[in-house]
Protein chains: 2
Amino acid sequence: MVRIKKPPEVRSNELLDCAQRLFFTRGYESTTVNDIIREAGVSKGAFYHYFPSKEALLETLAVRLSRENLKQIQPHFDNPSINAIGRLNALFAGSRRLKVELAPQLRNTFNVLFKPENVVLFHRINEALTAVVQPLLANILKQGHAEGSLDASDPQAFALMLLELRLSVGKVMHQALKQAEAGDIDGAVTMLDDWMLTYGIALDRILKLPEGTLQVAEPGFARAFLTSE
Amino acid sequence: MVRIKKPPEVRSNELLDCAQRLFFTRGYESTTVNDIIREAGVSKGAFYHYFPSKEALLETLAVRLSRENLKQIQPHFDNPSINAIGRLNALFAGSRRLKVELAPQLRNTFNVLFKPENVVLFHRINEALTAVVQPLLANILKQGHAEGSLDASDPQAFALMLLELRLSVGKVMHQALKQAEAGDIDGAVTMLDDWMLTYGIALDRILKLPEGTLQVAEPGFARAFLTSE
DNA sequence: ATTTATATAGACTGACGGTCGGTCTGATGC
DNA sequence: GCATCAGACCGACCGTCAGTCTATATAAAT
């Protein structure tokens with residue numbers, strides 16, 4: 001094979017790109033290192049020059065993804081001028097906008113990440129994201145606690161719990177997706193809407209807020225997410 | 001090798017036993033099928049006579065474990081004579097008793113299950129357990145909602161969320177264990193106690209109960225769990 | 001120009017999950 | 001007592017895959 005040399009950063013990013021594309025279509029386990037290097041047009045030696053193992057590549061990828069994700073929602077995290085409730089709602093609104101905009105992609109992502117054979121992929125990404133988001137979320141909660149606008153005596157703990165709760169919504173989104181794909185779109189929409197409602201209620205209660213304070217979803221969100229092309 | 005024949009149920013249970021022991025000491029990925037059959041004194045053929053794959057064995061094991069676990073806490077689930085709050089507290093008390101009794105074993109289990117290389121093992125077991133426990137928990141919540149003693153408009157959703165929350169405690173227990181093993185026992189005890197407190201608060205709030213109604217831990221629980229031999 | 005460090009190639013290895021052809025045993029029917 | 005059969009059990013073998021190793025091309029440094 002011809003020997004092509006590229007700046008190291010370009011190469012490793014190319015590898016990450018290919019890996020990401022493959023992981024998110026075929027899944028982590030069933031994507032082989034050979035698949036990745038074939039796709040990237042690179043030799044085994046080059047691959048292992050950049051990453052000590054397939055796992056390490058996954059780790060790097062997870063970090064990259066969570067960094068990218070953070071960049072998108074960062075604005076809502078560091079705006080201490082508005083109060084904590086406002087920041088939380090801005091956060092929800094922002095991620096909602098993102099979700100609807102990228103719905104088709106995101107649906108696919110969800111479908112992949114929640115497949116049982118992709119637990120490893122899911123877990124790594126979620127862990128990286130949690131590591132990045134938890135302290136920021138805790139910060140907002142701390143601000144709110146100081147302001148007296150919400151009640152999170154142990155911000156770190158509450159932050160982790162909120163993130164954990166989010167997973168249950170993820171699970172249900174996945175379930176709804178399957179149901180929608182099976183044809184029962186209305187049933188799926190109703191289910192997801194109900195859950196988002198319950199999710200919002202749970203969050204309000206955890207932070208001792210009047211019900212309806214945190215807006216995690218808006219009417220029509222479920223349908224928009226499940227059906228938009 | 002000498003050919004020894006045993007009733008199918010005995011054999012498959014032996015295989016499950018060995019697999020369980022190995023998975024919980026070395027981890028899932030790093031236990032090979034050859035390890036299992038060596039330990040069980042059985043041939044490859046026999047193994048694949050009973051289980052179509054290593055994964056299928058894990059699945060069966062997860063189901064077995066969740067069934068066993070359920071048997072231990074079953075009594076607290078089906079006693080509709082007392083009210084829902086009482087049942088929930090009985091459930092917590094029961095699982096607490098179990099935790100302290102089996103602390104050393106359980107510590108080991110936690111340490112294994114939360115290792116990043118054991119996500120698959122963890123996920124399968126947790127999923128099987130959730131599938132079994134969620135409906136029962138939802139039942140209690142429904143009863144409580146009907147009684148008016150707690151507020152869980154969507155029992156299924158709340159049940160899943162409670163189970164999800166439980167995981168955050170699991171994560172922290174693991175963290176505390178590591179800290180304790182590193183020598184900082186007092187720090188670990190304090191951390192875990194704080195989290196259990198916060199956990200209890202979160203549960204109370206989610207179900208709209210006065211703070212302190214649900215007793216997820218008692219003073220000294222963290223120390224007992226972390227230090228008992 | 002020569003050395004050194006870095007980047008790339010790709011054949012090769014070892015381990016592992018899984019398969020396959022076959023054997024052994026005990027039960028059933030005659 | 002013998003033939004037949006199912007299914008428990010054996011273990012050599014296979015294909016795949018992550019990871020290693022040696023060789024070499026290229027750029028940078030001396």
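The chains referred to below are lettered A, B, ... by the order of the sequence lines, with proteins before strands, and numbering in each begins at 1. Quick caveat: nothing in here was measured; it's all calculated off a predicted structure.
As rounded to whole Å, 11 Å separates atom P of D:dA12 from atom CD1 of B:I37. As a whole-Å value, the separation of B:R38 CZ from D:dC10 C1' is 17 Å. Straight-line distance from the CZ atom of A:F51 to the P atom of C:dA7: 13 Å, rounded to whole Å. Taking atom OH of A:Y50 as the reference point, atom C1' of D:dA18 lies 20 Å away to the nearest angstrom. A straight line from CG of B:L57 to P of C:dG17 spans 11 Å, rounded to a whole angstrom. What separates OH of A:Y48 from C1' of D:dC21 is a distance of 13 Å, to the nearest Å. Atom-to-atom, CZ of B:R11 to P of D:dA8 comes out at 11 Å; the value is rounded to the nearest Å. Taking atom CG of A:N34 as the reference point, atom C1' of D:dG19 lies 11 Å away to the nearest angstrom.
Regarding contacts with the backbone of C:dT8, every side-chain N or O of A:S43 stays at 4.0 angstrom or more from both OP1 and OP2. Remark: A:H49 is in phosphate contact with C:dA7, judged by side-chain N or O atoms under 4.0 Å from OP1 or OP2.
Between A:L160 and A:Q134, the closest heavy-atom pair is CB-NE2, 3.6 Å.
Aromatic ring orientation, A:F225 versus A:F221: parallel (interplanar angle below 30°, classes split at 30° and 60°).
For A:N118 and A:E29, the side-chain atoms include no donor-acceptor pair closer than 3.5 Å.
Salt-bridge annotation for A:K71 and A:E68: absent, with no side-chain N of the basic residue lying under 4.0 Å from a carboxylate O of the acidic one.
Residue-level contact check: A:T31 touches the backbone only, with heavy atoms under 4.0 Å from sugar-phosphate atoms and none from bases.
Side chain A:K44 to base D:dG19: a donor-acceptor pair is found below 3.5 Å.
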